Amino acid sequence: MAKVLTSRSENYSQWYQDLVIKADLAENSAVRGSMVIKPYGYAIWEKMQAELDRMFKETGHENAYFPLFIPKSFFSKEASHVEGFAKECAVVTHYRLKNDEVNGGVMVDPDAKLEEELIVRPTSETIIWNTYKNWIQSYRDLPILINQWANVVRWEMRTRLFLRTAEFLWQEGHTAHATKQEAIDETIQMINVYADFAENFMALPVIKGTKTDNERFAGALETYTIEALMQDGKALQSGTSHFLGQNFAKAFDVKFANKEGTEDYVWATSWGVSTRLMGALIMAHSDDNGLVLPPKLAPYQVVIVPIYRNEEQLAAISEKVNEIVSKLKAKGISVRYDDKDNRKPGWKFAEYELKGVPVRIAIGPRDLENGTVEIARRDTLEKKVASIDGVDEYIENLLDEIQKNIYAKALNFRAENTVKVDTYDAFKKAIKKGGFVLAHWDGTSETEEQIKNETKATIRCLPLEYEEEEGVCIFSGKPSKRRVLFAQAY
RNA sequence: CGGGGUAUAGCACAGUCCGGUUAGUGUACCUGCUUUGGGAGCAGGGGGUCGCAGGUUCGAAUCCUGCUACCCCGACCA
């Protein structure tokens with residue numbers, strides 16, 4: 001097969017770029033740092049959205065929509081929050097253009113300056129808490145459990161398709177609670193929803209944990225994260241859930257009358273995942289032949305390619321294919337029959353491999369005679385001839401097996417690339433090699449900062465599942481009771 | 001914002017150093033024939049303000065000046 005992708009070993013980051021473009025997922029747009037998500041890429045995102053949306057609703061959340069623009073003054077209300085986002089905000093200052101009489105073209109009309117600048121939302125805590133203030137008077141108004149599907153803008157210095165773009169799509173949940181415990185429970189519930197989604201739909205094993213002070217969300221008391229390991233040994237933060245305490249309630253003066261009849265500030269959470277998950281999905285499973293999609297998120301799970309010499313043969317094949325298609329559809333399997341005449345079978349094989357379609361069926365004159373089809377699976381590239389009778393059940397089981405196999409492969413990769421180290425020398429070697437590194441840490445920001453400066457590794461999280469273990473910090477030698485998860489990250 | 005690079009057909013590039021026919025190659029596209037079980041072959045065809053603005057010259061993709069955009073490395077990145 002003609003190589004259209006740079007190989008992973010040659011240049012991993014080039015491979016990723018090639019893959020995103022060649023698999024028709026997204027491309028760079030005329031706007032710096034902003035991408036166009038193409039139909040095939042967007043179809044995958046829609047599958048993700050549909051599952052997540054279902055999971056949010058099952059846990060009692062409702063969707064709503066808040067404005068794209070946020071008055072500048074809202075950002076001055078929560079000090080640490082503004083500090084976290086100020087450097088990367090897009091600001092709207094004017095509301096009109098006019099013809100440029102001198103230079104031609106158009107110019108910003110200087111007479112159309114806004115009284116107060118508007119910030120294009122980098123996240124919606126401020127506008128939402130300003131709104132919640134009007135919605136909440138009593139404990140009877142609580143909890144508020146709302147999610148929003150939206151786009152946000154963060155003016156990043158350097159961008160990469162899906163992984164970091166100036167504008168991206170995401171969902172952000174914003175909840176308000178009467179008690180601290182209820183808010184904490186919500187925060188943990190949602191990180192569990194994310195982990196469940198990552199593992200069972202994306203086939204992506206993740207480590208749940210909490211962030212250190214340095215890495216915590218601006219304005220949060222606790223940030224829960226799911227961290228995934230990519231094939232190049234770098235970590236990717238794939239979703240976060242924040243316990244915001246009463247910070248935003250205090251900043252926006254959101255008080256309620258509790259059962260005891262006294263006034264109290266509301267407890268808050270926020271949680272989100274973005275189109276960055278597309279990056280995680282691509283990097284976790286794909287190979288040098290292209291994308292590998294888990295069946296549960298593939299826009300179509302099966303593609304059927306006819307092989308024929310003339311119209312008569314095509315007609316005979318199509319008749320058989322239609323039977324197969326209806327049987328598969330009856331089992332809820334999504335199928336695409338590609339009988340386009342302007343591409344040869346070999347071209348189609350390569351194309352669908354590049355696009356990561358989990359199962360490919362080829363059917364030609366030989367098969368018509370024998371009552372068989374050729375079935376190829378994308379994850380292992382294995383081909384097998386199977387009888388047309390019972391092909392629907394065979395494929396149903398095969399899709400299930402592929403989903404499991406992709407997960408098992410990723411889990412195995414992570415296991416092979418996770419090490420425990422006890423000295424700083426060993427730590428530096430392990431980080432250089434790539435992967436997750438479990439090590440003791442003295443709990444101070446200074447140590448974390450120094451390690452980052454010297455090795456580029458950050459503490460991805462303090463895993464929720466860990467064993468108590470006496471040890472000493474690899475950097476300072478001070479005592480530590482548990483290991484934390486280090487890695488270089490995207 | 002610091003360092004480096006690039007800008008020529010939809011895409012990928014050559015040509016620029018050393019100015020001179022009609023700006024070329026691959027791929028993609030269109031037409032026809034033969035093909036079709038792993039990205040087909042042959043023949044013919046269409047497509048270019050050579051990033052923008054100015055200058056030098058008989059003559060500029062090529063030399064000079066200014067500008068703009070993009071890419072890579074770094075800094076930055078819940």
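Below, each value reflects all heavy atoms present in this structure, side chains not excepted, and no hydrogens, waters or symmetry copies. Quick caveat: nothing in here was measured; it's all calculated off a predicted structure. Lettering follows sequence order; numbering is per chain, from 1.
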Please report the distance, rounded to the nearest Å, between [atom1] in [X] and [atom2] in [N].
X         : N       : atom1 : atom2 : result
Arg154(A) : rC77(B) : CZ    : P     : 13 Å
Lys452(A) : rA75(B) : NZ    : C1'   : 11 Å
Asn28(A)  : rA69(B) : CG    : P     : 16 Å
Leu236(A) : rC77(B) : CG    : P     : 17 Å
Arg160(A) : rC71(B) : CZ    : C1'   : 13 Å
Leu5(A)   : rC11(B) : CG    : P     : 20 Å
Ile307(A) : rG39(B) : CD1   : C1'   : 14 Å
Ile21(A)  : rG10(B) : CD1   : C1'   : 14 Å

Using the [atom1] atom in both, what is the distance from [N] to [M], to the nearest Å?
N       : M       : atom1 : value
rA75(B) : rG15(B) : C1'   : 38 Å
rA9(B)  : rU31(B) : P     : 24 Å
rG3(B)  : rG48(B) : P     : 39 Å
rU57(B) : rA12(B) : C1'   : 34 Å
rU35(B) : rC42(B) : P     : 16 Å
rA40(B) : rU27(B) : C1'   : 15 Å
rC30(B) : rC70(B) : P     : 32 Å
rG54(B) : rC11(B) : C1'   : 32 Å

Using the side-chain heavy atoms of [X], tell me which of these nucleotides is nearest: [options].
X         : options                   : result
Phe349(A) : rC29(B), rA78(B), rG38(B) : rG38(B)
Ala362(A) : rA78(B), rG37(B), rG39(B) : rG37(B)
Trp347(A) : rA78(B), rG39(B), rC29(B) : rG39(B)
Glu156(A) : rG39(B), rG37(B), rC77(B) : rC77(B)

Give none if [N] has no partner; otherwise give the nucleotide forming a Watson-Crick or G-U wobble pair with it, both distances under 3.5 Å.
N       : value
rU36(B) : none
rA23(B) : none
rU65(B) : rA53(B)
rG48(B) : none
rG59(B) : none
rC70(B) : rG5(B)
rU31(B) : rA43(B)
rC17(B) : none

Checking all strands, does [X] fall into the base, sugar-phosphate, or nothing category for heavy-atom contacts under 4.0 angstrom?
X         : value
Gly84(A)  : nothing
Asp367(A) : base
Phe85(A)  : base
Trp170(A) : base
Pro365(A) : base
Gln17(A)  : sugar-phosphate
Glu374(A) : base

Q. Toward the 5' end of RNA chain B, which comes first, Pro345(A) or Phe217(A), by nearest nucleotide?
A.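 Mapping each residue to its closest nucleotide by heavy atoms, the 5'-most match is Pro345(A).
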Both Arg360(A) and Glu88(A) contact RNA chain B. Taking the nearest nucleotide for each, which residue is further toward the 5' end?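 By nearest-heavy-atom nucleotide position, the 5'-most residue is Arg360(A).
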Ignoring backbone atoms, test whether [X] places a side-chain nitrogen or oxygen under 4.0 Å from the OP1 or OP2 oxygen of [N].
X         : N       : result
Lys456(A) : rG74(B) : yes
Gln313(A) : rG37(B) : no
Lys344(A) : rG37(B) : yes

Lys383(A) (side chain) and rG38(B) (base): donor-acceptor pair under 3.5 Å
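Yes.
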Check whether the side chain of Arg309(A) and the base of rG37(B) form a donor-acceptor pair under 3.5 Å.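 Flag unset: no donor-acceptor pair detected.
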Discussion item. Could you check whether atom NZ of Lys72(A) has more than 12 heavy atoms from other residues, nucleotides or ligands sitting under 6.0 Å from it?
Written reply: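 Result for NZ/Lys72(A): open.
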Might you confirm whether atom CH2 of Trp155(A) has over 12 heavy atoms from other residues, nucleotides or ligands at distances under 6.0 Å?
->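 Open: at most 12 neighbouring heavy atoms sit under 6.0 Å from CH2 of Trp155(A).
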Exercise. Does NZ or CZ of Arg154(A) come closer than 6.0 Å to the centre of the six-membered ring of Trp170(A), within 45° of the ring's axis?
Worked result: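 Flagged: Arg154(A) positioned over aromatic ring of Trp170(A).
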Are the charged groups of [X] and [Y] less than 4.0 angstrom apart, N to O?
X         : Y         : answer
Glu323(A) : Lys320(A) : yes
Lys38(A)  : Glu27(A)  : yes
Glu353(A) : Arg360(A) : yes
Lys133(A) : Asp253(A) : yes
Lys211(A) : Glu227(A) : yes
Lys327(A) : Asp389(A) : no

